[in-house]
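First the structure, in the form of structure tokens, and then the observations on it.
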2 protein chains.
Amino acid sequence: MRRMTARPANAHQARLLKLLRDGGPASRAQLGDRVDLSRSKLAVEVDRLLETGLVVADGLAASRGGRRSHNIRLAPGLRFLGVDIGATSIDVAVTNAELEILGHINQPMDVRDGPVAVFEQVLSMAAKLRASGLAEGFDGAGIGVPGPVRFPEGVPVAPPIMPGWDGFPVREALSQELGCPVMVDNDVNLMAMGEQHAGVARSVGDFLCVKIGTGIGCGIVAGGEVHRGTTGSAGDIGHILAVPDGRPCACGNRGCLEAHFSGAALARDAKEAAQQGLSVELASRLETNGTLTAVDVAAAAAAGDATALDLIREGGNRTGQVIAGLVSFFNPGLVVIGGGVTGLGHTLLAAIRTQVYRQSLPLATGNLPIVLGELGPTAGVIGAARLISDHLFSPA
Amino acid sequence: MRRMTARPANAHQARLLKLLRDGGPASRAQLGDRVDLSRSKLAVEVDRLLETGLVVADGLAASRGGRRSHNIRLAPGLRFLGVDIGATSIDVAVTNAELEILGHINQPMDVRDGPVAVFEQVLSMAAKLRASGLAEGFDGAGIGVPGPVRFPEGVPVAPPIMPGWDGFPVREALSQELGCPVMVDNDVNLMAMGEQHAGVARSVGDFLCVKIGTGIGCGIVAGGEVHRGTTGSAGDIGHILAVPDGRPCACGNRGCLEAHFSGAALARDAKEAAQQGLSVELASRLETNGTLTAVDVAAAAAAGDATALDLIREGGNRTGQVIAGLVSFFNPGLVVIGGGVTGLGHTLLAAIRTQVYRQSLPLATGNLPIVLGELGPTAGVIGAARLISDHLFSPA
DNA sequence: CAACTTTCTCCACTCACAGGACAAAGAAGC
DNA sequence: GCTTCTTTGTCCTGTGAGTGGAGAAAGTTG
């Protein structure tokens with residue numbers, strides 16, 4: 001099958017494509033209501049899109065009391081690949097043009113194995129999805145990496161937790177391998193875009209998306225657009241000072257948020273507690289598995305273990321203090337908490353909320369929801385698909 | 001004289017007006033180089049602007065080897081009023097259409113006297129400027145207030161340091177009194193716009209502008225646009241936690257940045273130090289004046305007083321720690337320090353720089369200038385004039 | 001079957017805009 | 001003084017974007 005060759009020729013067409021993507025199939029009349037164009041002009045642009053094959057007209061909708069309308073929809077064969085490279089695992093998904101997930105696989109992996117090994121795995125996962133008949137090829141791919149990215153070029157820059165990726169031309173390399181356009185971004189930004197597109201952040205202009213996984217980061221959306229900062233490192237909140245003279249951090253400083261709360265820090269603290277005999281629950285898990293992860297802490301907490309709950313509360317308080325500062329500064333309309341630790345659930349959320357509502361001024365917190373992400377592990381891949389579709393659905 | 005009645009009819013005209021404002025007078029040919037329009041279309045739009053009186057053609061420029069060009073410039077009679085209401089003083093200035101300050105006066109005042117008293121003073125200051133022959137009237141006014149503003153309506157909301165202003169229709173009231181369009185914003189945002197227009201932040205897309213005066217606040221510019229947040233309280237960093245279990249703050253919490261460093265905090269600490277006999281210099285000043293202000297501390301520091309220098313360094317460290325967090329989060333391309341305490345100069349700046357460069361990651365700080373504002377007390381009024389001119393130079 | 005609705009198409013008219021021809025005004029060389 | 005070249009600004013025509021109305025197509029309702 002020939003892949004997507006055309007791009008929208010003008011802003012009107014781009015607008016229409018995005019309407020169809022976000023709102024699903026519609027008739028010409030419905031499109032006319034949502035776009036500021038005369039019926040005649042709209043018909044012209046739709047016809048041109050039909051010619052390019054980007055959209056198709058299939059079937060007639062039920063009558064609403066008059067002539068039945070033609071259903072206009074995005075080409076049903078369009079397929080986007082969403083890739084979310086985490087610190088310890090890879091998510092790959094295929095979506096259709098409406099960014100609905102058709103297939104999704106996850107595999108453990110270590111980013112520190114370097115770009116070559118990781119790419120091999122990503123490509124084999126993509127091949128598996130293709131082989132399962134979900135896609136004959138990909139029209140575009142979005143990919144998220146756990147570190148700062150020089151966005152226009154799609155190249156990671158000085159990523160702390162992924163040495164060996166610095167300056168690696170991710171966009172170009174992947175584009176060559178897959179034979180389709182590729183866009184690269186920070187994984188946290190993609191999570192934010194995912195929640196914005198299909199999750200809790202729909203129709204919120206300014207929000208923060210805090211991702212707590214192996215590390216900790218924050219996606220920033222201002223005026224509906226992702227804010228990436230001057231060097232692409234915006235949202236890198238893991239190394240904000242949380243505890244003066246606190247724990248040593250990999251970055252060389254002390255007391256960084258990430259050194260006190262993150263998947264890695266939680267596992268470390270849980271292990272210490274277990275070895276000190278503070279928790280029978282954690283100790284038995286340590287013995288069984290040989291090691292502890294955030295998942296064990298979550299399970300222990302769910303079982304009512306006091307030490308585990310304390311660890312989570314403590315971490316939540318630290319995180320909440322930092323978020324309180326960000327809320328005062330940025331004044332978002334929503335704060336989303338996501339990432340691997342969402343399994344810690346409401347204990348974590350309650351601790352964060354307490355700190356934010358206590359420390360920030362009422363004007364900033366008065367109507368500020370702080371909620372868990374809605375999409376879980378799919379947020380990243382949906383965001384990735386959204387990234388590339390935004391690119392492809394813009395005038396060339 | 002009849003004031004500015006017309007507004008640009010379309011985006012092209014708006015663009016041309018802003019080019020003339022920011023780049024000064026120019027010929028049609030020069031305008032053509034800076035705007036993406038054919039000469040014919042450009043001529044049409046310029047002619048229309050000439051008809052409306054928004055721009056004038058006066059005289060011929062020197063020849064550059066061919067036919068001499070007509071000088072196109074903004075109407076020389078246009079006058080904007082810039083008002084910057086601080087916690088303890090008011091600045092009012094008149095500018096021409098190019099936002100050059102033609103006259104500027106400053107008077108001490110207390111915002112807590114409430115909007116009615118303050119307005120009376122602002123109007124009398126504006127009248128004085130008009131009487132001096134600098135303006136026959138005002139085509140628009142921008143006004144900054146030291147607290148959050150619901151921007152579209154131009155109404156302060158829940159301003160901590162200016163009780164009595166909550167919900168007061170500043171925009172509407174002032175517009176009625178002055179008989180011209182008015183825009184209202186937070187004073188810190190206006191300072192940022194001022195430095196962006198005519199100061200150190202020219203041509204920087206993402207930057208922070210930290211204003212340390214009676215209180216402490218931060219203007220945020222992202223992608224060239226001021227970020228105001230969901231409720232207009234973005235940049236309110238005075239109540240970010242700086243010292244766990246630190247000094248009590250007026251907001252009810254402890255350890256807020258503003259409780260540890262601001263004009264007010266500095267005066268308080270200096271007084272304490274003087275009373276404890278830690279500094280002869282400060283004690284003598286206290287005796288002479290009966291009280292101490294940040295200006296006294298600056299003078300003592302300039303005279304080499306160790307205690308005063310310590311106070312400044314200490315405060316700079318606290319502020320620097322908070323700014324370090326904001327830099328990690330926002331990844332700006334520039335940090336501007338301004339406000340009343342700029343008199344503290346390089347001692348303060350050095351302390352802030354030390355903290356930021358030490359605590360934030362190299363990628364964010366690698367090429368990050370941290371500098372004092374260039375415009376001093378005029379930043380606010382220039383920003384105010386810029387605010388209203390941006391409004392008036394946009395299609396109606 | 002008539003009357004009304006909704007959807008879509010066609011057509012004529014207006015306006016935005018580009019691009020080239022050309023006029024105006026001066027500089028530089030002969 | 002005259003020609004040639006350069007720069008600036010104006011005029012004119014052709015093209016394509018876009019609007020709005022007329023009306024055809026395809027239904028529903030009574």
Side-chain angles (χ1 to χ4, degrees), chain A residues 6-20 23-74 394-396, chain B residues 6-20 23-74 394-396:
Chain A
R7 291 275 288 275
N10 57 42
H12 295 314
Q13 294 184 12
R15 181 81 205 287
L16 291 171
L17 291 175
K18 287 176 186 170
L19 274 178
L20 290 171
S27 68
R28 287 177 174 83
Q30 289 170 325
L31 288 174
D33 293 340
R34 291 177 219 168
V35 86
D36 198 25
L37 278 178
S38 63
R39 285 191 310 274
S40 17
K41 177 59 179 165
L42 182 115
V44 170
E45 297 297 353
V46 169
D47 284 348
R48 288 182 189 162
L49 283 173
L50 286 168
E51 273 176 39
T52 66
L54 281 172
V55 306
V56 299
D58 62 341
L60 296 171
S63 166
R64 301 196 302 124
R67 174 171 170 177
R68 294 168 66 192
S69 60
H70 293 271
N71 240 338
I72 309 291
R73 66 169 69 230
L74 289 167
S394 296
Chain B
R7 290 275 289 276
N10 57 41
H12 294 315
Q13 293 185 14
R15 180 84 205 286
L16 290 171
L17 291 175
K18 287 176 185 170
L19 274 178
L20 290 171
S27 68
R28 286 177 174 84
Q30 288 171 324
L31 288 174
D33 292 341
R34 290 176 220 169
V35 87
D36 198 24
L37 279 178
S38 64
R39 284 195 312 275
S40 24
K41 177 60 180 168
L42 183 116
V44 169
E45 297 298 351
V46 169
D47 284 347
R48 288 183 189 161
L49 284 173
L50 285 168
E51 273 175 39
T52 66
L54 280 172
V55 307
V56 299
D58 62 339
L60 296 172
S63 166
R64 302 196 303 122
R67 175 172 169 176
R68 295 170 65 191
S69 61
H70 294 272
N71 240 337
I72 309 291
R73 66 170 68 230
L74 289 166
S394 297

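Numbered from 1 within each chain, the chains take letters A, B, ... in sequence-line order. This one's a predicted model, so the numbers in the text were calculated from it and none came from an experiment. When reading the values below, keep in mind they use all heavy atoms of this one structure, side chains included, and skip hydrogens, waters and symmetry mates.
When the C1' atom of D:dG9 is taken as reference, atom CZ of B:Arg39 falls 8 Å away, rounded to whole Å. Rounded to whole Å, the distance from CG on B:Asp33 to C1' on D:dT7 is 12 Å. Here D:dG18 presents its C1' atom at 12 Å from CG of A:Asn10, a figure rounded to the nearest Å. Taking atom CG of residue A:Leu31 and atom C1' of nucleotide C:dT7, one finds them 13 Å apart after rounding to whole Å. Residue B:Arg68 contributes atom CZ, which lies 12 Å from atom P of D:dG9 at whole-angstrom precision. For the pair A:Gln13 CD and D:dA17 C1', the computed distance is 13 Å after rounding to whole Å. What separates CG of A:Leu37 from P of C:dC8 is a distance of 15 Å, to the nearest Å. We find that CG of A:Leu60 is positioned 7 Å from P of D:dG27, with the value rounded to whole Å.
Here C:dC8 is the nucleotide among C:dC17, D:dG9, C:dC8 with the atom lying nearest to any side-chain atom of A:Ser27. Comparing atom distances between the B:Ser38 side chain and each of C:dC17, C:dT7, C:dC8 picks out C:dC17 as nearest.
Between the side chain of A:Gln30 and the main chain of A:Ser27, a donor-acceptor pair closer than 3.5 Å is present. A donor-acceptor contact shorter than 3.5 Å links the side chain of B:Arg7 to the backbone of B:Ser394. For the pair A:Arg68 (side chain) and A:Ser63 (backbone), a donor-acceptor distance under 3.5 Å is absent.
Ionic pairing of B:Glu45 and B:Arg48 is present here: one or more N-O contacts between side-chain nitrogen and carboxylate oxygen are shorter than 4.0 angstrom.
Residue B:Lys41 is classed as a sugar-phosphate contact, given heavy-atom separations below 4.0 Å to backbone atoms only. Residue contacts shown for A:Ser63 are limited to sugar-phosphate atoms, with no base heavy atom under 4.0 Å away.
For B:Ser40 against C:dG19, a side-chain N or O and a base N or O form a donor-acceptor pair under 3.5 Å. Between the side chain of B:Arg67 and the base of D:dT8 there is at least one donor-acceptor pair of N/O atoms closer than 3.5 Å.
Heavy-atom nearest nucleotides on DNA chain D were determined for A:Arg48 and for B:Ala43, and the one closer to the 5' end corresponds to B:Ala43. In terms of position along DNA chain D, the nucleotide closest to B:Arg28 lies nearer the 5' end than the nucleotide closest to the other residue of the pair A:Gly66 and B:Arg28.
Checking the phosphate oxygens (OP1, OP2) of D:dA17, no side-chain nitrogen or oxygen of A:His12 falls inside 4.0 Å. A sub-4.0 Å separation between OP1 or OP2 of C:dT5 and a side-chain N or O of A:Arg64 is absent.
You'll find the side chain of A:Arg73 reaches within 4.5 Å of the side chain of A:Val56, heavy atoms only.
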